[in-house]
Engineer: 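Here it is: the structure, laid out below.
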Amino acid sequence: MFEDALVESGGRLKSKSKKWMILTFVIEGLILFSLILIPLIYTEALPAGAMDTILVAPPPPPPPPPPPPPEVKVQPTKVIVVKDDALRAPSKIPHDIKMVKEDAAPSTGGVAGMSGLGGAAGGVAGGIGGLAPSAPVVKAAVKGPVRISSGVVASNCISCTQPTYPLIAKSAHVQGVVVLEATISKTGSVENLTVISGPPLLRQAAIDAVRNWRYKPTMLDGEAAEVIARINVNFTMNGG
């Protein structure tokens, strides 16, 4: 009876141990599978430091050092000595370079030949009489009109009629001097009249009068030339 009890209990123990082993393998497999699958699904659960170290690429290697500069070879200069009107390179470089002074060329003639009236050989033939004639004097051409004084232009006036005194200026007792600037042509006519100063009531009368004035042509180097001058026109009540 005791043996039957042991046999029955041994069979139960064996069957229970097999079940527990299978159950244990299943549970451990599920745990291992979950440990592998969960990080693959939920990547946010990984630490940020680990992700940075995994995703950041390594820095590039430093550039190679620059090549050394090429060596410059300095060649000695050669001194060229002039001899017999030819350029020749010396065989040795001299330590001291001396300046060669050339002698002045001998004179082939000149004033020394004037000691004799007949002249010497190589000198000036015939003494003073053999001198070369002087070059002709070239007169510079006058460009543009020349400015002259008012006194000179007044003395050259041929026909200078007195201007008509304006009635408005006379009734207002206006008198004075109107200063005009004009160009006198080569024929003596008045051109390009402009007013410099003077009472406004007398200016137009002065312009109308001077426009008809005539002058002698101004001669420069024997030729008639255009000149610029100032012309003074006097207006007085007594003269009007």
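No hydrogens, no waters, no symmetry mates; every other heavy atom, side chains included, goes into these values. Please read these numbers as outputs of a predicted model, since none were measured by experiment.
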Engineer: Considering non-hydrogen atoms only, spot the tightest contact between K186 and P217 and give its length.
Structural biologist: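 For K186 versus P217, the nearest heavy atoms are O-CB, 3.0 Å.
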Engineer: If you measure from NZ on K19 to OG1 on T24, what distance do you get to the nearest 0.5 Å?
Structural biologist: 13.5 Å
Engineer: What's the shortest heavy-atom distance between R230 and V153, and which atoms?
Structural biologist: O-CG1, 3.9 Å
Engineer: Atom CG in N212, atom OG in S189: separation rounded to 0.5 Å?
Structural biologist: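 Separation between the atoms: 11.0 Å.
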Engineer: For residues 194-210, run the donor-acceptor check on the side chains, cut-off 3.5 Å, and write out each pair with its distance to 0.1 Å, sequence neighbours left out.
Structural biologist:
from, atom 1, to, atom 2, distance (Å)
T194, OG1, E181, O, 3.3
R203, NE, G198, O, 2.9
R203, NH2, G198, O, 3.0
Q204, NE2, D208, OD1, 3.0
D208, OD1, R211, NH1, 3.4

Engineer: Are I158 and V227 linked, directly or through other ILVMFWY residues, by side chains that come within less than 4.5 angstrom of each other?
Structural biologist: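 Different clusters.
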Engineer: Locate the shortest heavy-atom distance separating M237 from H173; write the atom from each residue and the value.
Structural biologist: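 For M237 and H173, the tightest heavy-atom pair comes out as CE-ND1, 3.8 Å.
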Engineer: Does a sphere of radius 6.0 Å around CD in Q162 hold more than 12 heavy atoms from other residues, nucleotides or ligands, not counting ones at 6.0 Å or beyond?
Structural biologist: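 12 or below, so no.
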Engineer: Once side-chain hydrogen bond (donor to acceptor under 3.5 Å, both in side chains) is applied, do any residues pair with S150, and if so which ones, sequence neighbours excluded?
Structural biologist: none
Engineer: Out of curiosity, does L193 fall in the hydrophobic cluster containing V179 (side-chain heavy atoms, cut-off under 4.5 Å, transitive links)?
Structural biologist: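 No; tracing contacts between hydrophobic side chains, which count when under 4.5 Å, never links both residues.
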Engineer: Which pair of heavy atoms, one from T161 and one from W213, lies closest together, and at what distance?
Structural biologist: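 Minimum heavy-atom contact is O-NE1, 3.0 Å.
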Engineer: Honestly curious: do L30 and F25 fall in one hydrophobic cluster under the side-chain, below-4.5 Å linking rule?
Structural biologist: no
Engineer: Check for me, please, whether I148 and I184 land in the same ILVMFWY cluster - side-chain distances under 4.5 Å, paths through other members count.
Structural biologist: yes
Engineer: Within a reach of under 6.0 Å around CD1 of I168, are more than 12 heavy atoms found that belong to other residues, nucleotides or ligands?
Structural biologist: no
Engineer: Go through the structure and list residues passing ring pair (Phe, Tyr, Trp, His ring centres under 6.0 Å) with F235, not counting sequence neighbours.
Structural biologist: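 F235: ring pair (Phe, Tyr, Trp, His ring centres under 6.0 Å) contacts with Y165.
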Engineer: Identify the residue among L180, V177, V178 that makes a side-chain contact (heavy atoms from CB on, under 4.5 Å) with N232.
Structural biologist: V177
Engineer: Around atom CG of L23, are there more than 12 heavy atoms from other residues, nucleotides or ligands closer than 6.0 Å?
Structural biologist: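 It does: L23 CG has more than 12 such atoms within range.
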Engineer: Roughly how far, to the nearest 0.5 Å, is the OH atom of Y215 from the OG atom of S185?
Structural biologist: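 With rounding to 0.5 Å, OG (S185) is 11.5 Å from OH (Y215).
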Engineer: Looking at A182 and I231, what are the two nearest heavy atoms and their distance?
Structural biologist: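 Shortest heavy-atom contact: CB-CD1, 4.2 Å.
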Engineer: Report yes or no: do V26 and I36 belong to one cluster of Ile/Leu/Val/Met/Phe/Trp/Tyr joined by side chain heavy-atom distances under 4.5 Å?
Structural biologist: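 In one cluster with V26: I36, no.
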